[in-house]
Trainee: 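Provided herewith is a single structure, encoded as structure tokens, for subsequent inquiry.
Predicted model, so just to flag it, every value in this text is computed and none were measured. Chain naming here is simple, since letters A, B, ... match the order of the sequence lines and numbering starts at 1 in each.
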Amino acid sequence: MNANDFPVTLDALAALCKRRGFIFQSSEIYGGINGFWDYGPMGCELKRNIREAWWKAMVRDRDDIVGLDASIIMHPRVWEASGHVGGFSDPMQSCRQCRRMFRADQVAEQLRESAWRRALTDAAATAGADGAVVWNPDAAARWLEKKGAALAPGLLARCREGERIETARLAALLAGFATPEGRPCPACGGELTPPRDFNLMFRTFIGALEDSAGQAYLRPETAQGIFANFLNVLDTARVKIPFGIAQIGKAFRNEINPRNYTFRSREFEQMELEYFIRPGTDAEMHAYWVEERMKWYRSIGLPEGRLSKYVYEPKELAHYASACTDVMYRFPFGTQELEGIAARGDFDLRRHQEYSGKAMEYFDPEKNERFVPHVVEPSAGVDRVALAALCEAYREEWVPKEAGGEPRTAVPGEPLPEGYEVRTVLRFAPVLAPIKAAVFPLLKNRPELVEKAKEVHALLRRRWPVFYDQTGAIGRRYRRQDEIGTPLGITIDFQTLDDGTVTVRDRDTMRQERAPIAELRDRVAAALGEA
RNA sequence: GCGGGUGUAGCUCAACGGUAGAGCUCCAGCCUUCCAAGCUGGCUGUACGGGUUCGAUUCCCGUCACCCGCUCCA
């Protein structure tokens, strides 16, 4: 079995993440809160490394992309323009009896298909002169007492008074079936709430009064902050098309059903680029960004074999989009999206132009023309990348008890071979590792070793996050670092005192080499791939 | 959102209608010349709220969270 196919269970990963301070459930001391997660000392370093790798690749290493950090709460009109409020999110009605949810515009159709509604029509309705349904309330009551009790419990509950059915009330309900306000639940005949805007945005209020005038939203995506600042950046950053604006930040979606550990959370962090292009170059630029982004995922240690692309069919695309490709990763719970790369045309800028009354145009001095740029949007989830990195890094291995043995990937279901023990290790790419190296004195009760180790620690920590540990046997300290994915272990032993060399132990091979302290920084940089 | 299951220490598990225990982890000390060694000591717990009871971790109800299936969803 290929090491990449080691079946990580989310349970095992979540246990390690908690044990070693990567991820905690939010508000755990109060019983937890569904859909929210906290990142501990190791987890926040991991996320920081992911963000910095992205920022470096997208902004620092390029001439054509600039950064932005927009506010989380924006003018409510932003979300009208974007389509997140209003027509885009369909009003919903829910049943007060069975609590099922229905799209308001589909209730009439679903009612025609409804089993209880058909049975009731057969039992108690005739067609009137003008084709309208004429109900016989007494027949309806008889039906409801027998067959209808199981088929339409919601309707029964609405017109029952003690043991008997209030025929007059039933008659009123039946009469209302034809009106939008009186439509019953297609599933049980219960009472539907009025249509309500049901969207995934968290609402809040600006100012002390909680009235509709102050209503605002936590952003459900960071992208709109970029579009809303398009003109500001254009006027100040001296950018020339094609150019991009990049942003990393929190976004919030009130998901119905968060699942799969941190994969779908209600509060999450996005890394988004809006890359503005000349109309007509959409397909070419979209293809370019798909490849750029795939390269980036490989550069942080996600292997080709676990990554894939999902190319949207034309019928799956939003009406304004010309292409969309998702970057997928094979998680333990299935192949899921890390990032979506969409060619959105000029939809967003045009909508903001329409809603704000400001011309969202780019002036091309060479061709002496104005146009609304099109945009390609690579939009990635920091938390999803972090989860993928953890899944990818997690290994259980068999290690020979005798010195100098090489670790082997454990074979699930097979017993531990004689003479081996288990180690859990996170094989992060060095760029993502929360701690780059750990420094140990071989023994803590020899002051000369401790003193030298602290010197080496001080030497390295100026450049990298480096951990110092003198507690417990040396083997135990190596294993602790394995569990947080520290690539290098540096040990000060008695030979160090004689010749100024230390041992450098590699996390993955568990092999050790000696290196002079004078060359240590270069050796560490080389081992981390920074040289 | 629906249905089913689960909830005891950081982890794995035990116990009982009457003072909640073990192993591992963690911390301290001793020891230890390179892969979770040993000895001694120590910290930590019945998810939350209510009810029944002389007494509830145990029985009942509610809430919350987690897991599985369905549903929904970029």
Trainee: Report all interatomic pairs (protein N or O, nucleotide N or O of nucleotides 69-71 of chain B) with separations under 3.5 Å.
Mentor:
{"residue": "B/G69", "atom": "O6", "partner": "A/Arg259", "partner atom": "NH2", "Å": "3.2"}

Trainee: When you measure from every atom of RNA chain B, which of residues 494-503 of chain A have a heavy atom less than 4.0 Å away?
Mentor: A/Phe494, A/Thr503
Trainee: Does the pair A/Phe276 and A/Phe230 meet the rule for a ring pair (Phe, Tyr, Trp, His ring centres under 6.0 Å), with working shown?
Mentor: CA-CA 10 Å; A/Phe276 297 99; A/Phe230 173 75; 4.8 Å; yes
Trainee: A/Tyr312 near the nucleic acid: base, sugar-phosphate alone, or nothing, with a heavy-atom cut-off under 4.0 Å?
Mentor: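 Since a base atom lies under 4.0 Å of A/Tyr312, the category is base.
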Trainee: Determine which pairs satisfy ring-ring contact (aromatic ring centres under 6.0 Å, His included) with at least one residue from residues 396-430 of chain A, sequence neighbours left out, and list them in order.
Mentor: none
Trainee: For each nucleotide in nucleotides 39-51 of chain B, reading 5' to 3', give B when a protein heavy atom comes within less than 4.0 Å of its base, S when such contact involves only the sugar-phosphate, and - otherwise.
Mentor: -------------
Trainee: What residue pairs, at least two apart or across chains, pass ring-ring contact (aromatic ring centres under 6.0 Å, His included) with a residue in residues 505-524 of chain A?
Mentor: none
Trainee: What is the nucleic acid contact for A/Asn34, judged by heavy atoms within less than 4.0 Å: base, sugar-phosphate only, or nothing?
Mentor: sugar-phosphate
Trainee: Return each pair, listed once, that meets ring-ring contact (aromatic ring centres under 6.0 Å, His included) where at least one residue sits in residues 8-28 of chain A; pairs must be two or more places apart or across chains.
Mentor: none
Trainee: Under the salt bridge (charged side-chain N to carboxylate O under 4.0 Å, His left out) rule, collect the residues that match up with A/Glu45, sequence neighbours excluded.
Mentor: none
Trainee: Please list residues of residues 485-492 of chain A whose heavy atoms come under 4.0 Å from any atom in RNA chain B, ordered by number; otherwise none.
Mentor: A/Thr491
Trainee: Indicate every side-chain donor-acceptor pair of residues 443-454 of chain A with a distance under 3.5 Å to a residue at least two apart or in another chain.
Mentor:
{"residue": "A/Lys452", "atom": "NZ", "partner": "A/Glu455", "partner atom": "OE1", "Å": "3.3"}

Trainee: For nucleotides 9-14 of chain B, read 5' to 3', which letter fits each nucleotide if B means a protein heavy atom sits under 4.0 Å from the base, S means only the sugar-phosphate is that close, and - means neither?
Mentor: -SS---
Trainee: Please list, for nucleotides 26-32 of chain B, all pairs of protein and nucleotide N/O atoms separated by less than 3.5 Å.
Mentor:
{"residue": "B/C26", "atom": "OP1", "partner": "A/Arg480", "partner atom": "NH1", "Å": "2.9"}
{"residue": "B/C26", "atom": "OP2", "partner": "A/Arg476", "partner atom": "NH1", "Å": "2.7"}

Trainee: Mind checking ring pair (Phe, Tyr, Trp, His ring centres under 6.0 Å) for A/Tyr312 and listing every partner two or more places apart, or none if nothing turns up?
Mentor: A/Tyr310
